[in-house]
Amino acid sequence: MRASQEDFENATNQVKLLKKDPGNEVKLKLYALYKQATEGPCNVPKPGVLDFINKAKWDAWNALGSLPKETARHNYVDLVSSLSASSESSIQVTPAADRKQPGSDALVVTSQDGITTITLNRPDKKNALTTQMYHDIMLALEAASKDDSAITVLTGNGDYYCSGNDLTNFTDIPPGGVEEKARSGAVLLRDFVDRFIDFPKPLVAVVNGPAVGISVTILGLFDIVYATDRATFHTPFSHLGQSPEGCSSYTFPKIMGPSKATEMLVFGKKLTAREACTQGLVTEVFPDSTFQKEVWVRLKAYSKLPPNAMRISKQVIRNTEKEKLHAINAEESNILRERWLSDECMNAVVSFLSKKAKL
Ligand SMILES: CCCC/C=C/CC(=O)SCCNC(=O)CCNC(=O)[C@H](O)C(C)(C)COP(=O)(O)OP(=O)(O)OC[C@H]1O[C@@H](n2cnc3c(N)ncnc32)[C@H](O)[C@@H]1OP(=O)(O)O
């Protein structure tokens, strides 16, 4: 028996009463059938490749081809009645403009005992780096390079050190489109990494938990890396259709040899803190239970050493490579700009976002 218009309207109301989220795949199917039943075959332009949610919806609708309206209506009613009546749906798209924007509290900078500490403070998002945070970290480094502290520390608040680039950064497409987005992302990346290459004082990473992506690659530009034994180090670039940054294409082979660097940067092998220490990426590993206490006692003692001597010694160690590192950074950023426009990268980002999206 074909579904009547009344059955269809009842079904559209029933969807709103579902208590359990049926999942993205089913929600896309419902969306597509609804559009087909009410408007017929897909008749709107395909959204841009990085407009992930609308593109997924458009794809689902377009895939129904010339399915007659009546059949779509019938299939919609069937699908709704097969979903548990005790579920609740959340078929909503949160517009980018309505999403909570990270405030300046996503980064906390403190200065005490001769140490300036920059703390990533988005623990509920595993300290993923928003575009704003890249800018704020650059400003914080700039200020720290001129303040009277002897040592600068980067650390994270919560159970993670940092989960790398915030993948939702990819959804904020400017009027110039995806090419413009990739171009400005590459400029931001290059500027960001340049600040670490040029940082004039001892720079210490206090890795309080797992680290992913760019938060791992830039460790090669730090002078000291202390890690809790709970930390892991993961650069899943190939999985994301991306390529190494943060000068890691140079620093990692230099630190751990080309083969171990390839395991990390090409195959995305995740290292434990102890493995990372054995391979020279981490300076020292501490038990998680005493990590904070031991590390800060150590750093406070170091911060009492003559600051000018420490700064000059750091520069003697690092300066010979600066020019090379800037060239590598420029090249890596350029390559990434192209990678960000690749299908491999877009599909990986869509896959991550669709797991969290409210379609
Ligand atoms: C302009 C410069 C560009 C520089 C380019 C850099 C390249 C990179 O950094 S590549 C690395 C990118 N990062 C990732 O691929 C990590 C993605 N996240 C994850 O795989 C997982 O979230 C996790 C393994 C880090 C943690 O998993 P867990 O199950 O413990 O927690 P979740 O429930 O997944 O996370 C909680 C919450 O945080 C959100 N989140 C975590 N990481 C990111 C991220 N990188 N981007 C955006 N959002 C992230 C996650 O979605 C959850 O959010 P909801 O509670 O809203 O669902």
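Start at 1 and go down the list; that is how both ligands and their atoms are numbered. Values in this document were obtained by computation on a predicted structure and should not be read as measured data.
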*Asks:* For the residue pair F199 and F222, is the inter-centroid distance of their aromatic rings smaller than 6.0 Å?
*Replies:* no

*Asks:* Can you confirm whether some protein heavy atom lies under 4.0 Å from atom 29 (O) of ligand 1, or whether none does?
*Replies:* no

*Asks:* Counting neighbours of NZ on K324 that are heavy atoms of other residues, nucleotides or ligands and sit closer than 6.0 Å, is the number greater than 12?
*Replies:* no

*Asks:* Around atom CD of Q5, are there more than 12 heavy atoms of other residues, nucleotides or ligands at under 6.0 Å?
*Replies:* yes

*Asks:* If you count every heavy atom of other residues, nucleotides or ligands that lies below 6.0 Å from R230 atom CZ, does the total exceed 12?
*Replies:* yes

*Asks:* Which heavy atom in I328 sits nearest to a heavy atom in S249, and how many Å separate them?
*Replies:* CG2-OG, 3.7 Å

*Asks:* I'd like to check atom 37 (C) of ligand 1 in this structure: does the protein have a heavy atom lying under 4.0 Å from it?
*Replies:* yes

*Asks:* For atom 34 (O) of ligand 1, is some protein heavy-atom partner under 4.0 Å away?
*Replies:* no

*Asks:* Do R298 and E284 meet the salt-bridge criterion of a basic N to acidic O distance under 4.0 Å?
*Replies:* yes

*Asks:* Looking only at heavy atoms, which two atoms of V44 and W58 are closest? And how far apart?
*Replies:* O-NE1, 2.8 Å

*Asks:* When you measure from atom 31 (O) of ligand 1 to each heavy atom in K126, K125, R339, E332, which option holds the nearest one?
*Replies:* K126

*Asks:* Considering only heavy atoms, does W340 approach ligand 1 within less than 4.0 Å through its side chain, its backbone, both, or neither?
*Replies:* side chain

*Asks:* Considering only the protein, which heavy-atom contact is closest to atom 47 (C) of ligand 1, and what is its distance?
*Replies:* D166 OD1, 3.1 Å

*Asks:* I need the atoms of ligand 1 closer than 4.0 Å to a non-hydrogen atom of Q242, numbered in the order shown.
*Replies:* 7 (C)

*Asks:* Are D147 and K201 ion-paired here, with the side-chain N under 4.0 Å from a carboxylate O?
*Replies:* yes

*Asks:* Look up atom CD1 in I151 and atom CG in L203, then write down how far apart they are to the nearest 0.5 Å.
*Replies:* 10.5 Å

*Asks:* Assess the side chains of Y134 and D191: does a donor N or O sit below 3.5 Å from an acceptor N or O?
*Replies:* no

*Asks:* Please write down residue, atom name and distance for the protein heavy atom closest to atom 9 (O) of ligand 1.
*Replies:* N165 N, 2.9 Å

*Asks:* For atom 1 (C) of ligand 1, what's the nearest protein heavy-atom neighbour? Residue, atom name and distance, please.
*Replies:* G185 O, 3.7 Å

*Asks:* How far is atom 44 (C) of ligand 1 from the closest protein heavy atom, and which atom is that?
*Replies:* A128 CB, 3.6 Å

*Asks:* Check F192 against ligand 1 and report side chain, backbone, both or neither, counting heavy atoms closer than 4.0 Å.
*Replies:* neither

*Asks:* As an exercise, identify every atom of ligand 1 less than 4.0 angstrom from a heavy atom of I214.
*Replies:* 4 (C), 6 (C), 8 (C), 9 (O)

*Asks:* Going by an N to O cut-off under 4.0 Å, is there a salt bridge joining D59 and K55?
*Replies:* yes

*Asks:* If the cut-off is 4.0 Å to any non-hydrogen atom of E245, which atoms of ligand 1 fall inside it?
*Replies:* 5 (C), 6 (C), 7 (C), 8 (C)

*Asks:* Can you pull out the closest protein heavy atom to atom 51 (O) of ligand 1? Residue, atom name and distance to 0.1 Å, please.
*Replies:* K356 NZ, 2.9 Å

*Asks:* Given F170, F352, Y134, which has its nearest heavy atom closest to atom 48 (N) of ligand 1?
*Replies:* F352

*Asks:* Can you tell me the protein heavy atom closest to atom 15 (O) of ligand 1 and the distance?
*Replies:* L240 CD1, 3.6 Å

*Asks:* By number and element, which atoms of ligand 1 are closer than 4.0 Å to a non-hydrogen atom of G164?
*Replies:* 9 (O)

*Asks:* How does S163 reach ligand 1, if at all, at less than 4.0 Å between non-hydrogen atoms: by side chain, backbone, both, or neither?
*Replies:* both

*Asks:* Would you mind checking if R122 and D166 are paired as a salt bridge, meaning a charged N to carboxylate O distance below 4.0 Å?
*Replies:* yes

*Asks:* Taking heavy atoms and a distance under 4.0 Å, where does D124 meet ligand 1: side chain, backbone, both or neither?
*Replies:* backbone

*Asks:* In terms of side-chain heavy atoms, does T116 have a donor or acceptor partner in S111 at a distance below 3.5 Å?
*Replies:* yes

*Asks:* Quick one: nearest non-hydrogen protein atom to atom 46 (N) of ligand 1, plus distance?
*Replies:* L167 N, 2.8 Å

*Asks:* Short list, please: which atoms of ligand 1 are under 4.0 Å from a heavy atom of Y160?
*Replies:* 23 (C), 24 (C), 25 (C), 26 (C)

